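Worksheet: one structure, shown below.
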Amino acid sequence: MAFTKNASALDPGLQSELGKKGIVVTTLNQLYNWGRKSSIWPMQFGLACCAIEMIATACARYDIARFGAELFRASPRQSDLMIVAGTVTKKMAPQVVRLYNQMAEPKYVITMGACSISGGPFIDGYNVLRGIDRYIPVDVHLPGCPPRPEALLYGLMELQRKIDSQEIEKAEWYQKGLKREYPVPELGPHGLIPKFNPEIWRPRAVDHRKERYGEPILIGKKNKAPNLEAVTQAAAPKPQAPATPPSPAKTGNA
Amino acid sequence: MDIADVKSKLEQAFPGIALRPVRDTLLMENAKDIVKIAQFLKDSPDYQLDYLSSLTGADYLEYLEVVYHLYSMEKKTGPLVLRVRVKHDHAQVPSLVSVYRGAEYQERETYDMYGVVFENHPDPRRIFMWEGFEGFPLRKDYQQEDSETLEMEDIEWLEKHGIPVPQDLSAKAEELKKLGRRAVAQKPGQPEPE
């Protein structure tokens, strides 16, 4: 991940040198970002099994409180971070986008697990959205199925690094005319309308699955069905048929 | 549970009924028979099949199948598997809700996924997919949307919401509209329809 260097930052060597002498030097940016990154309030909502790992992260053993992010808010109005933990079905996607729109600035999104990144194991399904980044901007993609609590903590640390790299005077949420709200998709006759928001997401120019495995993403369904009748008819003569062939074979071996 | 035994008992109770064993299961040739057979198996003291554990559908290309798994809580026996076959274009099976109350949601699910219409069902709606969804997604001939290609209705929606659409995406959608086709996902071993 590439972060823009904070140009107005102090020389970190000088800062630590002065710190050893008991002189604390800081900038407004550092103080401001330190406050923001140390009290990220995530939104309390889980969609599937990744939510169980998220709960484990919040519990005593992994203790997300060490990073100041233990306050899971049940309202989007009070939260800074949306952890999309789990499979986003097409039926659920409008609600997820609406929750994002309701969050106050500055807002961040972590997609947790393969499903919310790309659809994961359900990518071929008729009912699963192929990644929430089709409708809302994502800050940290966190792979895994599901990611372990350590991985979620790492994702949170990456987000803290990102917050640290932002500058108060260039922050987009203090600028005029910012409206980070995205239209909520609708449920249509074959799936969501639109299929993706081209402002945020575009189809990949190269299909990596095709490049690697020789075929594009195909839905899993084959036009094949077992013939129940044929099996029952073939199964009936089978007990009689082996009675004759094994006997010559046996004598041959003996 | 011995299928031959059940079959002879049922034939005794309902003379002229058409039953055929398929593997370890019992196929009813006439779908209308299912209600009286289920009622008989539930009430008969020999079987007491009082629990419908599963009611589901299956698409065998030539026909649709509804499969019932019956257990007896009383006798701790089961499952007895019953099958019913119907055609895709007039898939109608009588509802079992009058016999097993628990069949209600399972029949709604089978309707939602396979399009089997259950006659006399108290609440025949979709259960998983939303209202206004077209088609039955677990049928083999279901045409799944291609989620990488925008269609004309997506373009119209985006324009209505003031989102600029890139030229290449809208051109593709217009081309599809001219051909009168949907953007359909490919299946394995099956080339894209021309």
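For clarity, every value in this text was computed on a predicted model and none was experimentally measured. In what follows, chains are A, B, ... by sequence order, proteins preceding strands, each numbered from 1.
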**Study point:** Engaged part of B/R139 at the chain A interface, taking heavy atoms whose separation is under 4.5 Å
**Key:**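 Contact with chain A involves the backbone of B/R139 alone.
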Review point. Non-hydrogen atoms of chain A under 4.5 Å away: do they reach the side chain of B/I155, the backbone, both or neither?
Key: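 For B/I155, no heavy atom lies under 4.5 Å from chain A.
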Review point. What closest approach, in Å, do B/W157 and A/P185 show between heavy atoms, and which atom pair accounts for it?
Key: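 Looks like CZ2-CA, 4.1 Å.
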Taking atom [atom1] as the centre, does [X] end up with more than 12 heavy-atom neighbours from other residues, nucleotides or ligands that are less than 6.0 angstrom away?
X	atom1	answer
A/Q175	CD	yes
B/F14	CZ	yes
B/E74	CD	no
B/Y105	OH	no
B/K75	NZ	yes
B/E134	CD	yes
B/K172	NZ	no
B/E175	CD	no

Would you check if [X] and [Y] make a side-chain contact, meaning some heavy-atom pair closer than 4.5 Å?
X	Y	value
B/S147	A/F196	no
B/L158	A/P198	yes
B/L169	A/R202	yes

Supply the atom-to-atom distance [X] [atom1] to [Y] [atom2], rounded to the nearest 0.5 angstrom.
X	Y	atom1	atom2	result
B/D154	A/N197	CG	CG	11.0 Å
B/K160	A/I193	NZ	CD1	9.5 Å
A/L192	B/W130	CG	CH2	6.0 Å
B/R83	A/L228	CZ	CG	5.0 Å

Which one of [options] has the most heavy-atom pairs closer than 4.5 Å to chain A?
options	answer
B/H161, B/R20, B/E62, B/Q144	B/Q144
B/T25, B/D59, B/D146	B/D146
B/D141, B/V165, B/L138	B/L138

Practice item. Could you check which of A/R134, A/K91, A/H190 has the highest count of heavy-atom pairs closer than 4.5 Å to chain B? Key: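 Option with the greatest count: A/H190.
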Exercise for review: For chain B, find which of A/A225, A/P189, A/G191 contributes the most heavy-atom pairs closer than 4.5 angstrom.
Suggested key: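 Going by pairs under 4.5 Å, I would pick A/P189.
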Check your understanding: What do the steps show when you test A/Y126 against B/M113 for side-chain contact (heavy atoms from CB on, under 4.5 Å), and what is the final call?
Key -> CA-CA 11 Å; A/Y126 59 90; B/M113 296 289 123; 3.2 Å; yes
Practice item. Under 4.5 Å, heavy atom to heavy atom: which of residues 49-56 of chain A reach chain B? Give them by number, or say none. Key: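 Residues qualifying by a heavy atom under 4.5 Å from chain B are absent, so none.
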Check your understanding: Does a side-chain N-to-carboxylate-O contact under 4.0 Å join B/E153 and A/K195?
Key ->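 So B/E153 does not pair with A/K195 through a salt bridge.
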